[in-house]
2 protein chains.
Amino acid sequence: MRSASAAEDSTARARIRDAAVLRFSREGFRASLRTIAQEAGVSAALVVHHFGSKDGLREACDEHVLAVIREQKRDAVGPTGPTQLLARMAELDEWAPLVGYALRSMQAGGDLARAFLDHFAADAEEYLREGVAAGTILASRDEVARARYLTVMGYGAFLLDIALHPPEDPADLRAYLHGYLERTGLPAMELFTQGLFTDRSMLDAYLMYVTDPPAEG
Amino acid sequence: MRSASAAEDSTARARIRDAAVLRFSREGFRASLRTIAQEAGVSAALVVHHFGSKDGLREACDEHVLAVIREQKRDAVGPTGPTQLLARMAELDEWAPLVGYALRSMQAGGDLARAFLDHFAADAEEYLREGVAAGTILASRDEVARARYLTVMGYGAFLLDIALHPPEDPADLRAYLHGYLERTGLPAMELFTQGLFTDRSMLDAYLMYVTDPPAEG
DNA sequence: CAAGATGCTAAACGCGCGTTCAGTTGGGCA
DNA sequence: TGCCCAACTGAACGCGCGTTTAGCATCTTG
């Protein structure tokens with residue numbers, strides 16, 4: 001079936017789509033149709049001919065990226081966290097444009113971003129439950145909310161870090177990810193194993209507040 | 001000196017700057033000069049006359065927003081967390097455009113975003129040290145890295161959440177913030193008081209890895 | 001009062017964008 | 001063979017953008 005990867009599809013349509021993913025990944029969604037067409041070695045008119053409009057092209061890219069990442073996840077052996085999935089994919093240069101596209105998409109918001117996050121949050125929930133069952137992870141009063149919170153936090157921190165320190169070579173997500181993990185590894189580990197507070201008073205105060213909220217101003 | 005607020009400055013230059021902050025806050029930095037000029041009740045040419053170019057206008061907005069937020073912070077009585085600063089400011093409709101501008105700026109990256117985060121991370125560091133000294137917060141092996149990590153995480157999560165669920169009325173940050181805190185309050189409190197793992201094995205493994213890293217591939 | 005700076009505008013310029021259009025090529029099929 | 005349809009292109013269109021230019025009032029100042 002799949003001889004090596006989807007890149008083997010050398011129809012003009014696929015070439016345009018791949019070129020679009022690459023340029024969107026590098027330049028954001030401001031990348032022009034003409035630039036994309038040039039990268040694919042076709043005319044700008046052909047892009048519109050195949051995808052109807054620039055928005056149509058973006059939708060096609062969205063579907064493609066989501067499909068590939070889902071397939072990658074299915075093929076992955078054993079459970080891995082959602083962050084680890086993109087991280088491992090970034091390790092292979094072949095997938096770098098897809099990961100870059102996904103990150104751009106999350107930063108821009110929209111349907112694909114929501115789809116990604118729902119997907120990853122659902123994964124996180126599963127892995128957290130497994131951890132709780134295995135006794136390695138503490139139980140939460142609201143597993144769904146926790147999974148979502150941790151997912152949004154992880155990706156949000158990574159995206160903001162990228163925005164603050166844009167890599168000179170956007171293609172080299174590998175190097176960037178390495179540096180990011182180096183910077184955040186220790187505080188993350190401390191937070192996840194020890195928390196931040198020395199006692200339960202803040203949590204108890206919050207729980208009290210939630211169950212018996214003060215009157216609205 | 002300051003009769004009520006900076007909004008009292010009714011020179012055309014100030015009106016243009018305030019209009020720019022408002023529109024940038026609502027529409028992002030794609031907002032056009034003509035739109036901003038119209039909002040300020042002047043011609044587009046006058047904007048260029050006063051600020052040289054659109055980039056010049058953005059720089060002026062950056063300086064203004066940073067200055068106002070710093071001043072607000074100085075006036076604030078007692079220590080408050082950096083997140084709480086923006087949160088409290090968002091409560092007052094008067095400051096909402098400034099806060100919106102700051103958030104847009106962080107999402108877009110650039111110098112102002114770095115300035116904000118350095119500022120807030122330094123604040124966080126101070127408050128964390130106070131907490132450690134007071135015995136309410138656990139000490140970290142690297143206070144600087146932890147302060148930065150928590151700051152990037154907090155704002156990153158909030159920004160991603162906004163991108164995923166853009167409020168229908170961007171001006172009403174107040175309502176949005178309320179919903180966000182409702183969604184994340186419990187898992188955040190749990191994480192900060194209890195951590196995530198049941199034992200120290202992950203942290204110990206990480207510390208071992210850092211002090212004695214495996215050979216590079 | 002003359003002269004020049006200052007605040008400000010209407011109109012236009014040039015550019016890059018997404019998109020459209022008329023037309024060419026070439027393979028599949030009655 | 002003749003026809004058609006799909007793939008594809010170069011040129012142009014229309015638009016909105018940031019910016020420029022020329023000119024007009026209105027103050028300031030010697």
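Here is how names work: the chains are called A, B, and so on, in the same order as the sequence lines, proteins then strands, and each is numbered from 1.
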Geometric cation-pi criterion B:R183 and A:Y149, 6.0 Å radius, 45° cone: no

Specify the separation, in whole Å, of atom [atom1] of [X] and atom [atom2] of [N].
X	N	atom1	atom2	value
B:I16	C:dG7	CD1	C1'	10 Å
A:F51	D:dA7	CZ	P	12 Å
A:L57	C:dT19	CG	P	10 Å
A:R30	C:dG18	CZ	P	13 Å
A:E27	C:dC17	CD	C1'	14 Å
B:I36	D:dG16	CD1	C1'	14 Å

Between [options], which one does the side chain of [X] approach most closely?
X	options	answer
B:A45	D:dG18, C:dG18, D:dT20	D:dT20
A:L33	D:dT19, C:dG7, C:dT19	C:dT19
A:L46	D:dG18, C:dG18, D:dC8	D:dC8
A:K54	C:dG18, C:dG7, D:dG18	C:dG18

Distance test, side-chain N/O of A:H49 to OP1/OP2 of D:dA7, below 4.0 Å: yes

Presence of B:H50 side-chain N/O under 4.0 Å of C:dC8 phosphate oxygens OP1/OP2: yes

Beyond-backbone contact of B:V152 with A:F158, side-chain heavy atoms, under 4.5 angstrom: no

Given DNA chain D, 5'-ward residue of the pair A:V42 and B:D55, judged by closest heavy atom: A:V42

Flag, side chain of B:Q107 to backbone of B:L159, donor-acceptor distance under 3.5 Å: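 Not at all, since once roles are kept as given, no pair shorter than 3.5 Å links the two residues.
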
Sugar-phosphate, base or nothing in reach of B:S32, heavy atoms under 4.0 Å: sugar-phosphate

B:R13 versus B:H50, side-chain donor and acceptor atoms under 3.5 Å: no

Quiz item: A:R34 side-chain donor-acceptor pair to C:dG16 base, under 3.5 Å: no

Neighbour count >12 (heavy atoms, 6.0 Å) for atom CD, B:E126: yes

